Amino acid sequence: MSLLVTEPDTAVSRSSSPVAIETRDLSQVFLTKQGPVHALERVDLTVRRGEFVSVVGPSGCGKSTLLRIVAGLERHTFGEVEVDGAPVSKPRTDVGIVFQRDALLDWRTALENVLLQVDMRRKRTRADVERARELLASVGLQGFEDALPGQLSGGMRQRVSICRALILEPDVLLMDEPMSALDALTREQLMVDLQEMVARNGMSVLFITHSIPEAVFLGDRVVVMGARPGRLIEEIVVPFERPRSLRLLADPEFNDMATRIRSLLGEIPA
Amino acid sequence: MTAVSEERPIAAVPGKVRPSREAVIAKLISDDRRRRRLAGPRSVGMIVLSIVGVLVVWWLVVVVFQIPRFVLPNPVEVLQQFVGSIPLLAEEAVPTLQEVLIGFAITVAVFVPVGVLIASSRVFEGFVNPLLVISQSTPMIAFAPLLITAFGYSIVPKVVMVVLIAFFPVVVNTVVGIKSVSQDVVDLGRSMGASNAKMLLKVRLPAALPSIFAGLRVAITLSVIGAVVGEYAGADAGLGRLIVVASGRLNTPLVFATVIALAIIGLVLYKLVELAEWASLPWHRDKRGRPGR
């Protein structure tokens, strides 16, 4: 798959495409001093290939746990989890992950941080370095390749960490509140950029957030979760055409949808 | 990176002609330069002043209470002795420096890896931690005579003493540094399929370096103490032995001159470690600032 090819599918054609991520009857129980806690309860979630699924929910609803289980970073208690048709039993090394905090290494430059993904697996080639440069340039970081993370702003650092997740062109991208540490303007710009990057690579994305506008703006589908126990409340198909512009944030239809999700989450009375 | 100045609003004074923006900015810059000029020499001046103050008090105490020379010589006598004994002190400094440097090198070579092991293995941690705690509540100095019995009048007991006294901060800081790596970074490594060895080399060790260097800075000064203690117990050369010999002959000015020599060695070695840290951790410089202050 090339970075330059834009996949022409739409939400409609995707609904019949093969499954990228699937959880069936997934439950997660943590043992605490107060006894067992149900972090996730019977979660059935499907992300089709090329689909962008946003998961929105209050803090403590287990949405981050869900992502960690899909990534194979955490064992689950009950149910089945499959990525690309194979059950997840150990950390998946073929998915891209972006965390809330950028988790950049302070002593590596922006370029070197992106290439960490390569260095951990094999010897890097000149093509890898070229690719890393291209990626950084594509998110507006040309000229900052040799900057240390300490010299970059929060938004720039998160862009670097996204490039690190993308350099090996994973089919599946997992993002855990990647924008919640950023200021509002940076976040909006990054939403637009992220949409473009995902479209370019044709990836399947599981996007965890607690921001409703983010979830709706980016998602083909929004999955709404409730807390204690963490469970799926509702799935909403987002019909807006892509590419979506920031103007959508002021669209009445967009706001209706956001309001509906808000009432599902109990933030405003239904 | 240096900020031009702390932000200070420029108040417009009523009734006066408003200065141009350029003039105001020029004034800000010149004020800042002046502050900076004053800041440097003033801090150096304060150091000199405090040292001179101590020397004056010392001198007054000796003169006023008529303290005999073999109990406490006055600072002028000590300085004369120091200058006059420079060849002797330099000669005796060589074996002491050898003990310090070999002991310090062994401490680093052995106890950084021990720290890494403790941080990476629960089992190892369980075995070693109690020993570490016990070792720190044991006065290592007490072993000095035993070391002489075991190893004779060679360099070995001194080096062992250096290691015994200096290893603890190295181990502890290595463990803290290795464990400072965030869970996110560890998870990221797992998702990249990184082996434990790669994780250690590319992530944990570099992340631990600032903390390890903090341990080395403490360890190098302790190393000097260890060498002197080792020589006290029995030696045929070195600054520690010189102190024993000089005080046995009631040559107190020479004792003080030797202490000064040891202080200089300690300070220089400390600065060298700091310099090594500054040179090897460019990404950490802003947080710790330039050495040499």
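On a predicted model such as this, the values are computed, not experimentally measured, just so you know.
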For residues 200-211 of chain B, which side-chain N or O atoms pair as donor and acceptor with protein atoms under 3.5 Å away, sequence neighbours left out?
{"from": "Ser211(B)", "atom 1": "OG", "to": "Asn173(B)", "atom 2": "O", "distance (Å)": "2.7"}

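Judged by distance alone, the side chain of Gln151(A) and the main-chain N or O of Leu148(A) form a donor-acceptor pair under 3.5 Å.
Sequence neighbours left out, not one pair with a member in residues 177-196 of chain B passes ring-ring contact (aromatic ring centres under 6.0 Å, His included).
Chain A is approached within less than 4.5 Å, heavy atom to heavy atom, by no residue from residues 100-129 of chain B.
Checked by atom type, the side-chain pair Ser204(A)/Glu51(A) shows no donor-acceptor distance below 3.5 Å. In this model, a donor atom of one side chain and an acceptor atom of the other lie less than 3.5 Å apart for Ser180(A) and Gln100(A). Side-chain contact, Glu41(A) with Ser27(A): no donor N or O sits under 3.5 Å from an acceptor N or O.
Interface residue Leu73(A): backbone and side-chain heavy atoms are both found under 4.5 Å from chain B. With a 4.5 Å cut-off on non-hydrogen atoms, Asp176(A) does not touch chain B at all. With a threshold of 4.5 angstrom between heavy atoms, Arg92(A) approaches chain B through N, CA, C or O but not through any side-chain atom. Residue Leu104(A) does not touch chain B at all, counting heavy-atom pairs closer than 4.5 Å.
For CZ of Phe144(A), the number of neighbouring non-hydrogen atoms (other residues, nucleotides, ligands) closer than 6.0 Å is 12 at most.
Ranking Leu116(A), Thr109(A), Val95(A) against chain B, the residue ahead of the rest is Leu116(A), based on heavy-atom pairs under 4.5 Å. With chain B as the partner, the residue from Asp94(A), Leu168(A), Asp119(A) showing the most heavy-atom pairs under 4.5 Å is Asp119(A).
Here the options are Val88(A), Val81(A), Thr46(A), Val172(A), the test is side-chain contact (heavy atoms from CB on, under 4.5 Å), and the partner is Ile21(A); only Val172(A) passes.
Qualifying side chain to side chain donor-acceptor pair (under 3.5 Å) partners for Asp102(A), counting only residues two or more places apart in sequence or in other chains: Arg157(A).
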